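This is a predicted model, so every value here is computed, not measured. Letters A, B, ... mirror the listed sequences (proteins, then strands); counts begin at 1. Worth knowing before you read on, the calculation uses all heavy atoms, side chains too, and leaves out hydrogens, waters and symmetry mates.
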Protein chains: 2
Amino acid sequence: MTPTPPVSELTTHLGFWLRMVSNHVSHAFAARLADKGVTVAEWSLMRALYDREPTPPSRLADAMGLTRGAVTKLADRLIGKALLARRPSEADGRAQTLALTAAGVALVPELAALADRNDAAFFDLLTAEERQTLRDLLMRMVERGRMTTPPLD
Amino acid sequence: MTPTPPVSELTTHLGFWLRMVSNHVSHAFAARLADKGVTVAEWSLMRALYDREPTPPSRLADAMGLTRGAVTKLADRLIGKALLARRPSEADGRAQTLALTAAGVALVPELAALADRNDAAFFDLLTAEERQTLRDLLMRMVERGRMTTPPLD
DNA sequence: TCGAGATAGTTTCCTTGTCAATTAAAGGAG
DNA sequence: CTCCTTTAATTGACAAGGAAACTATCTCGA
């Protein structure tokens, strides 16, 4: 009967708490978006395209940290909802471009308001000063760890 | 040609930065675990069962914030890898119990070491003081927002 | 004690992502 | 110019979780 070696608790890891809070925030946001018939990934793509020129899927994939296959399917879903349009590129016969439809453009501000409210609902749990500290710490980590996603522009 | 109404940048949301960092940490951890042939969810279940009595899937589902269906399938996968065993409960004819196999028990400390290293690799980007501040802020949010998962014991 | 309802797990279907294979079009070396 | 290689996007197979239907068992009230 060999005793089990000691193993550190999950709660000792900062990553554990980070994931717990992040998951709660994201999940709550997903629930709000669901009322509008949109998922978080769909919102993310729509926001990326808002007030931008038609953009090829490959650029969006890079910017969003998804594979091209994922963007293809995401785009298919949004096209099915008439929020997005796909058109062949004029310059390059292989390429496509994605752009929001008028309905898509119109929806983005609504969704953005939901995003604002969701963020507020959670981070109002902290004081203004605490929020600023949290923001600084997270941005410091992103910077020092080079956790960047290529920007669209 | 109506101009697009102003929409707040994603980067204004603390949730955005939280998710970015959390995703990086989790993804890097997943990559480390993959070398051992285990996923993050699998590790999570194994850790929950380590040095504990055989436990019913329902308790694990509650503790891990998963549905019972998800635990069933997770367990199936781990059983396929001979890291977990499922046995009918003696007390209740409906119930099952899950417990790590000897191989599973032996693997946990290895995986825990990976978890420790991964957490360190990321959060060493901060000073000890910054880490403590981050931990305090996250735990404060969990507390104030009641973002709890039922503990196993 | 027996029938109704609650409970434990599993299974099925759906969603959404990755990875690998595939198709089509560019682009460059000879 | 003609291959050969690279690049863009899509497609198909698979992974992993949620929701709800389903099965088996338990429990309690009359």
Side-chain angles (χ1 to χ4, degrees), chain A residues 19 22-24 26-31 33-34 37-46 49 54-81 83-99 149-150, chain B residues 19 22-23 26-31 33-34 37-46 48-49 54-81 83-99 149-150:
Chain A
R19 191 168 52 254
S22 177
N23 284 349
H24 270 267
S26 293
H27 192 264
F29 184 39
L33 284 178
V38 170
T39 68
V40 174
E42 287 164 4
W43 149 251
S44 179
L45 197 161
M46 291 178 70
L49 282 174
T55 306
S58 49
R59 279 178 72 70
L60 293 165
D62 291 346
M64 298 175 63
L66 293 178
T67 62
R68 292 170 181 202
V71 172
T72 295
K73 291 170 208 176
L74 200 45
D76 287 344
R77 276 174 253 143
L78 282 168
I79 290 168
K81 297 178 187 176
L83 297 172
L84 188 74
R86 174 157 37 207
R87 294 185 41 201
S89 157
E90 295 177 10
D92 186 332
R94 298 164 298 180
Q96 299 284 327
T97 65
L98 299 176
T149 331
Chain B
R19 191 167 55 254
S22 177
N23 284 350
S26 294
H27 192 263
F29 184 39
L33 284 178
V38 172
T39 68
V40 173
E42 287 164 5
W43 148 251
S44 180
L45 197 161
M46 292 179 70
L49 281 175
T55 307
S58 48
R59 279 178 72 69
L60 292 165
D62 291 346
M64 299 174 61
L66 293 178
T67 63
R68 294 170 181 201
V71 171
T72 295
K73 290 175 236 179
L74 200 45
D76 287 344
R77 275 173 253 146
L78 283 167
I79 290 168
K81 295 177 187 176
L83 296 172
L84 188 73
R86 174 157 38 205
R87 293 184 44 201
S89 157
E90 295 176 9
D92 186 333
R94 297 165 299 181
Q96 299 284 328
T97 65
L98 299 176
T149 329

In whole Å, what is the span from the [atom1] atom of [X] to the [atom2] atom of [N]?
X: A/Leu84; N: D/dA9; atom1: CG; atom2: P; result: 13 Å
X: A/Met64; N: C/dT18; atom1: CE; atom2: C1'; result: 15 Å
X: A/Glu90; N: D/dA8; atom1: CD; atom2: C1'; result: 17 Å
X: B/Arg68; N: D/dA21; atom1: CZ; atom2: C1'; result: 15 Å
X: A/Leu74; N: D/dT11; atom1: CG; atom2: C1'; result: 16 Å
X: A/Arg94; N: D/dT11; atom1: CZ; atom2: P; result: 18 Å
X: A/Glu42; N: C/dT15; atom1: CD; atom2: P; result: 11 Å
X: B/Lys81; N: D/dA15; atom1: NZ; atom2: C1'; result: 11 Å

Minimum heavy-atom separation for B/Leu84 to B/Leu49, with atom names?
CD1-CD1, 3.3 Å
Closest heavy-atom contact between A/Pro150 and A/Asp62?
CD-O, 3.4 Å
Let's see if you can work this out: which of [options] has an atom nearest to the side-chain heavy atoms of [X]?
X: A/Pro57; options: D/dT10, C/dG9, D/dG17; value: D/dT10
X: B/Gln96; options: C/dT10, D/dG18, D/dA24; value: C/dT10
X: A/Ser58; options: D/dA9, D/dT25, C/dT18; value: D/dA9

With heavy-atom distances below 4.5 Å as the criterion, would you say the side chains of [X] and [Y] are in contact?
X: B/Glu42; Y: B/Leu74; value: yes
X: B/Leu45; Y: B/Leu66; value: no
X: B/Asp76; Y: B/Arg86; value: yes

Taking any heavy-atom pair under 4.0 Å as a contact, classify [X]: base, sugar-phosphate, or nothing.
X: B/Gly69; result: base
X: B/Thr39; result: sugar-phosphate
X: A/Arg59; result: nothing
X: B/Thr72; result: base

Answer with yes or no whether A/Lys73 presents, from its side chain, a donor or acceptor under 3.5 Å of a partner atom in the base of C/dT18.
yes
Both A/Ala91 and B/Thr55 contact DNA chain C. Which one's nearest nucleotide lies toward the 5' end?
B/Thr55
D/dG17 phosphate, OP1 or OP2, under 4.0 Å from B/Arg77 side-chain N/O
yes
Just to confirm, is there a sub-4.0 Å distance from OP1 or OP2 of D/dG17 to any side-chain nitrogen or oxygen of B/Thr67?
no
